[in-house]
Amino acid sequence: MGGIGKTALAVEAAHRACKEGWFPGGTLFVDLRGYDDNPATADQALLALLDALGVQGPDLPATPTRQYDVYRTLLAERQDRTLLILDNASDASQFAPLLPGTDRHRVLITSRDRPDALPIRLIDLESLTPAESVALVTRALHDADERDDRPAREPVALHELTALCGHLPLALQIAAAMLRRRRQRDIASLVAEIERSGDPTAVLDRGSPRTDMYGRSLVLRPVLETSYHRLSPDQARLLRLLALAPGAETGTEAVAALAGLGPDAVLPLLEDLAATHLVIPVQDGEREASVLRWRLHDLVRAFGAGVTAGHASLAEEGDEARARVLTFYYRWADAADDRLRWLAGMPEPARFADRGQALAWLDVERAGLVAAVQWAREERHADTAVRLAECLTQYFSWRRYFDDWITVAATARQAAHRAGDRLNEAILLNHLGLALQEAGRAEEAIETLTSSLELLRATEDRHREAIRWDNLGVALLEAGRAEEAIDAHTRALDLFQATEDRHREAWAWGNLGNALHSLGRTEKALKSYSNALDIFREFEDWFRAGAILCNLALTHQETHHDTEARVCWLQAADAYIRADAFDQAAQARVEAETLK
């Protein structure tokens with residue numbers, strides 16, 4: 001992409017190669033100005049190359065055809081290998097006629113666009129790493145004034161600054177130039193200025209010198225604008241909308257939802273944007289091509305969002321796109337959640353044939369799903385975002401993404417509270433309590449689940465109250481309050497039986513078994529586990545049956561009944577296999593093997 005440091009890398013490589021003696025014929029350099037208003041043509045570049053080769057004045061042929069003949073003849077007769085650098089090409093027509101007609105010499109071309117039509121070896125440049133970015137700014141400051149100790153005094157602010165610059169070399173150079181000018185101010189002041197603005201390109205271009213010491217441009221936004229204005233209307237629209245995507249990486253289907261297009265229609269546009277290096281394809285090598293994700297550089301994202309915000313019609317288009325992608329996420333997250341919770345006898349969920357497919361989709365879209373829930377802070381998106389949050393709890397629990405779970409539940413709960421929706425607030429407080437408990441924050445979980453219970457009592461929803469008592473019992477046990485936990489699970493059992501929820505009753509039996517086990521009441525614990533196992537098997541809930549069998553196995557081991565324990569471990573492995581939980585099945589088999 002523009003500003004990534006293509007020219008600097010090409011020039012540095014040429015200097016090192018010449019120093020090593022690779023090019024005794026020297027180096028020829030031409031700036032093709034491919035992204036200026038008036039890019040150089042191949043014919044214009046040819047005149048500069050002939051001049052460098054000593055063909056001037058009366059020796060210069062009158063017609064371009066004869067000029068190309070002389071150029072190729074000179075290179076063919078030139079025995080000393082020469083390096084030709086054709087910098088900043090925007091189109092193959094600028095450089096293809098300039099390629100030597102011999103393989104003796106070498107050519108290095110820099111471009112923001114991928115010239116797929118020619119058999120050219122391509123080297124894609126990524127942004128710098130955080131450590132490289134910090135080193136670049138530090139060196140730039142020290143080279144100007146070796147007494148400048150701000151990088152050493154403000155390492156955190158320096159890392160924040162380089163992140164705000166997207167680790168893009170051009171942006172980092174501009175930031176360093178601004179810091180040199182603001183010698184009496186700290187790095188944190190520039191960080192704060194950029195954060196207040198929300199648009200790094202605006203702050204950096206407003207405060208930067210226009211050129212560096214070599215006369216090269218140090219302006220960031222025009223670099224992005226020239227790439228943007230070269231796009232077709234459909235490509236430009238997609239780039240703007242992709243800048244509004246909730247996550248750093250977005251799956252092809254979600255991009256299609258943003259654009260209001262089908263995946264087959266949006267994919268060629270994404271590939272075109274990738275060829276211009278405005279969009280970066282990201283693919284997990286372990287997955288199939290259909291789960292390809294797409295990422296924007298942070299500065300391109302800020303630029304695209306700024307273009308949208310600056311025009312009323314584009315802002316309206318952006319709002320419609322955000323609503324579409326949020327609806328898309330909710331639809332399929334709901335279907336994936338249905339599959340994760342599916343038991344024999346239930347209606348078959350849409351789209352996902354098994355839990356593996358549901359988990360794979362959720363894994364791909366996870367960052368976008370979490371970010372989309374944050375839109376619950378906006379009233380117009382709050383209802384859908386809250387419903388989306390509820391669909392993600394089982395997934396977060398299975399994958400143990402507790403930080404994401406806490407973030408999502410807390411955001412959605414706040415939205416429900418603002419809307420005065422007490423039932424949804426109670427539900428989301430329950431989710432938040434579960435997440436806190438799983439994250440080892442038991443006391444916070446107890447407080448949160450107690451608040452959920454208080455809200456539910458006002459609604460007289462006995463079934464949900466039962467769930468809260470059961471969850472509260474788990475948190476109490478985690479906090480070492482086993483007797484209180486037994487009381488909570490017993491209350492839950494009574495309510496589940498009264499509301500005739502057999503499946504949840506099994507959960508309560510299993511949790512009660514854990515509390516009894518912790519106090520050494522082995523026989524009662526075994527009875528509770530057995531009650532839970534019978535019901536889970538009745539519902540063919542093999543994942544939870546496997547978990548109960550593991551608890552039975554551990555209890556038998558502690559009482560030195562190794563034969564019974566081994567049987568339980570083997571049965572747990574079988575149950576986990578039936579639930580597609582292969583990691584857990586393997587671990588259960590390992591435990592069984594130790595008891596041979």
Open item on the list: Please evaluate residues Glu225 and Arg221 with respect to the criterion salt bridge (Lys or Arg N to Asp or Glu O under 4.0 Å), reporting the C-alpha separation (whole Å), side-chain torsions for both, the decisive distance (0.1 Å), and the verdict.
Closed with: CA-CA 6 Å; Glu225 287 175 340; Arg221 192 173 184 84; 3.4 Å; yes
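- Taking the charged nitrogens against the carboxylate oxygens, Arg114 and Asp124 do have a contact shorter than 4.0 Å, which makes a salt bridge.
- Once rounded to the nearest 0.5 Å, the distance linking CD1 of Ile123 with NZ of Lys6 reads 13.5 Å.
- Heavy atoms of other residues, nucleotides or ligands lying less than 6.0 angstrom from CZ of Arg183 number more than 12.
- The aromatic rings of Trp361 and Tyr329 sit perpendicular to each other, their planes meeting at more than 60°, with 30° as the lower class boundary.
- Here the side chain of His381 pairs no donor or acceptor atom with the backbone of Arg377 at under 3.5 angstrom.
- Between Arg380 and Asp319 there is a salt bridge, since at least one side-chain N of the basic residue sits less than 4.0 Å from a carboxylate O of the acidic one.
- Tyr395 pairs in a side-chain contact (heavy atoms from CB on, under 4.5 Å) with only one of the listed residues (Leu369, Asp337, Asp363), which is Asp363.
- In this pair, Phe396 and Tyr401 present their aromatic rings perpendicular. The plane angle is above 60°, beyond the 30 to 60° band.
- The nearest pair of heavy atoms linking Arg72 to Leu99 is NE-O, 4.4 Å.
- What you find for Tyr330 and Leu388 is that their closest heavy atoms are CD1-N, 3.8 Å.
- No option in Arg351, Arg331, Arg324, Arg293 other than Arg351 meets the salt bridge (Lys or Arg N to Asp or Glu O under 4.0 Å) test with Glu253.
- Side chain of Gln374 to backbone of Val370: a donor-acceptor contact under 3.5 angstrom is found.
- Thr162 places no side-chain N or O within 3.5 Å of a backbone atom of His167 that could act as its donor or acceptor partner.
- Relative orientation of the Phe303 and Tyr228 rings is perpendicular, given thresholds of 30° and 60° on the angle between their planes.
- Checking side-chain atoms of Arg237 against main-chain N and O of Ala259 turns up a donor-acceptor pair under 3.5 Å.
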